[in-house]
Amino acid sequence: RVMVSVDGCAHLLTDEKVKEANAVKAQMGEAHRLYRSMVLGQFTAGDGNDKLYGDRDIQAVIKAMHREATPEMMAGDAHAGFDVSPTGAGDPKIIYIAKGKVVLPAFSSTEDDGFKVAKWAFDIFKAHGVEPRNCRVDSGGAGKTFVDILEGAFGYHGIDRYYNNAASRYSADFYDRFTEDSHSVRQLFHEIDLVLPKDLKLLDEMKTRRVLNNYDEHGRVKMQKKKDHRKENSGVSPDRLDALTMCLAGRVSHGISRFAKEKRKEDAAYDEKKMRSSHFAEKMQQDQNARRAGMFSWGNRAERLFRK
């Protein structure tokens with residue numbers, strides 16, 4: 001079998017078709033089924049487990065890790081992601097903070113005392129000007145305790161209590177919120193000039209994080225569970241990547257950066273309904289052509305078929 005993408009089809013490389021494909025990519029991301037089938041020639045979601053970050057994505061991440069930050073790039077609200085491991089589990093608590101387009105080096109703590117961890121996190125959030133509404137904390141299990149302490153003891157009210165299993169916006173494609181945000185954050189590295197710290201542990205987690213294709217009867221995708229990730233990676237948990245995903249999740253809207261106004265303006269004219277109508281019109285024209293006699297000796301046969 002040979003899989004042919006749009007690059008191997010000259011009739012799909014017209015200016016109009018290329019603009020249409022770029023618009024779908026910008027609005028929905030490369031993981032969306034419409035883009036996969038229309039441009040990449042991948043007509044199914046695949047079977048088994050696939051890496052979340054492919055080779056092209058890893059190259060974009062490495063480029064972000066070697067990009068120099070400027071004061072202008074740090075303009076804008078500060079966002080934070082706080083991944084909380086169960087007390088006593090041995091995994092560190094990880095915080096990532098992004099200022100504008102610049103992600104700061106990870107903050108890590110192995111402290112197990114709930115109050116001390118909450119105080120540690122609170123001091124970091126306040127020092128970097130993170131408003132509670134821009135602070136996403138893993139609130140499943142042990143995380144709820146830390147959020148309650150942050151709000152109750154330190155008056156840090158209005159935290160975005162992040163639940164991995166919350167409903168996704170594109171429920172037809174993604175099983176839950178975290179899976180959708182993971183794919184959207186990955187797309188950010190191709191859309192804007194993010195700056196990442198040179199974090200080899202984070203890079204390793206990106207290279208090994210997997211998604212489960214066709215997870216349910218609807219063919220949706222879901223992130224691999226942490227316990228299964230551990231089994232495949234010598235007990236290492238992808239806490240840094242999860243914290244980064246929560247940190248940057250506030251900067252994406254269906255795969256498009258909320259602060260990349262020029263990107264939204266560029267694709268504002270894109271209309272999926274109009275695009276689908278155009279495809280339907282093309283199909284109608286093809287059917288009409290098939291009815292015409294004498295074309296490549298196929299016309300007569302086609303005419304007979306249509307009359308049946």
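Just so you know, these numbers use all the heavy atoms, side chains as well, and skip hydrogens, waters and symmetry mates. In this text, all values refer to a predicted model and were calculated from it rather than measured experimentally.
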Student: Using a strict 4.0 Å threshold on nitrogen-to-oxygen distance, state whether D242 and R209 make a salt bridge.
Tutor: yes
Student: Give the intermediate values and the outcome of side-chain contact (heavy atoms from CB on, under 4.5 Å) for residues V221 and E180.
Tutor: CA-CA 9 Å; V221 297; E180 181 177 36; over 6 Å; no
Student: Does V103 form a side-chain contact (heavy atoms from CB on, under 4.5 Å) with I97? I'd like the steps, not just the answer.
Tutor: CA-CA 6 Å; V103 178; I97 291 179; over 6 Å; no
Student: Which salt bridge (charged side-chain N to carboxylate O under 4.0 Å, His left out) pairs, counting each pair once, include a residue from residues 148-164, with sequence neighbours left out?
Tutor: R136-D160, K144-D148, D148-R161, E151-R161, D160-R177
Student: Looking at every non-hydrogen atom in both residues, tell me the closest pair between D199 and R240 and how far apart they are.
Tutor: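 Minimum heavy-atom contact is OD2-NH1, 2.8 Å.
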Student: Between F174 and H183, what is the ring plane arrangement, given parallel below 30°, perpendicular above 60°, and tilted in between?
Tutor: tilted
Student: Testing the basics here: between F125 and Y156, what is the closest heavy-atom pair and its distance to 0.1 Å?
Tutor: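 Where F125 meets Y156 most closely, the heavy atoms are CB-OH, 3.5 Å.
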Student: If you take all heavy atoms of H229 and P238, which pair is closest and at what distance?
Tutor: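 Closest approach of H229 to P238: CD2-CD, 3.4 Å.
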Student: Atom NZ in K99, atom NE2 in H79: separation rounded to 0.5 Å?
Tutor: 12.5 Å
Student: Which distance, rounded to the nearest 0.5 Å, do you find between the CD1 of I124 and the NZ of K126?
Tutor: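 Rounded to the nearest 0.5 Å, the CD1-NZ separation comes out at 14.0 Å.
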Student: Hey, is NZ on K198 packed in by over 12 heavy atoms from elsewhere, all under 6.0 Å?
Tutor: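 It does: K198 NZ has more than 12 such atoms within range.
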Student: How far does OH of Y53 sit from CG of L241, to the nearest 0.5 angstrom?
Tutor: 5.5 Å
Student: Between I62 and M206, does a side-chain contact (heavy atoms from CB on, under 4.5 Å) hold up when you go through it step by step?
Tutor: CA-CA 11 Å; I62 292 175; M206 288 178 165; over 6 Å; no
Student: Got more than 12 heavy atoms from elsewhere within 6.0 Å of CG, D216?
Tutor: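 Buried by this count: over 12 neighbours within 6.0 Å.
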Student: Less than 4.0 Å between a side-chain N and a carboxylate O, is that true for K226 and D239?
Tutor: yes
Student: Tell me the closest heavy-atom pair linking M246 and V137, and the distance in Å.
Tutor: SD-C, 4.3 Å
Student: Side-chain contact test, heavy atoms from C-beta onward, threshold under 4.5 Å: evaluate it for L202 versus Y96 and give yes or no.
Tutor: yes
Student: With a 4.5 Å cut-off on side-chain heavy atoms, are I58 and L203 touching?
Tutor: yes
Student: Taking the side chain as everything from C-beta on, heavy atoms only, tell me whether E131 gets closer than 4.5 Å to D77.
Tutor: no
Student: Could you label the plane-to-plane angle of the F82 and F146 rings as parallel, tilted or perpendicular, counting under 30° as parallel and over 60° as perpendicular?
Tutor: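 Ring orientation, 0 to 90° scale: tilted.
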Student: Give a yes or no on whether the backbone of M223 and the side-chain of T179 come within a donor-acceptor separation of less than 3.5 Å.
Tutor: yes
Student: Considering non-hydrogen atoms only, spot the tightest contact between H190 and R186 and give its length.
Tutor: CD2-O, 3.7 Å
Student: Could you give the distance from CG (L150) to NZ (K119), rounded to the nearest 0.5 Å?
Tutor: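 These two atoms lie 11.0 Å from each other.
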Student: Do you know which two heavy atoms are closest between C135 and I159, and how far apart they sit?
Tutor: O-CG2, 3.3 Å
Student: Once you round to the nearest 0.5 Å, how far does NZ of K101 lie from CG of L188?
Tutor: 10.5 Å
Student: Are I95 and W120 close enough that some pair of their side-chain heavy atoms sits under 4.5 Å apart?
Tutor: yes
Student: Where do R169 and D181 land on the side-chain contact (heavy atoms from CB on, under 4.5 Å) test, with the steps shown first?
Tutor: CA-CA 10 Å; R169 292 179 293 266; D181 285 343; 3.6 Å; yes
Student: Just verifying a value: how many Å separate I94 CD1 and L244 CG, rounded to the nearest 0.5 Å?
Tutor: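 Interatomic distance, I94 CD1 to L244 CG, rounded to 0.5 Å: 11.5 Å.
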Student: Flag the pair K207 and D57 as a salt bridge only when some basic side-chain nitrogen lies within less than 4.0 angstrom of an acidic carboxylate oxygen.
Tutor: no
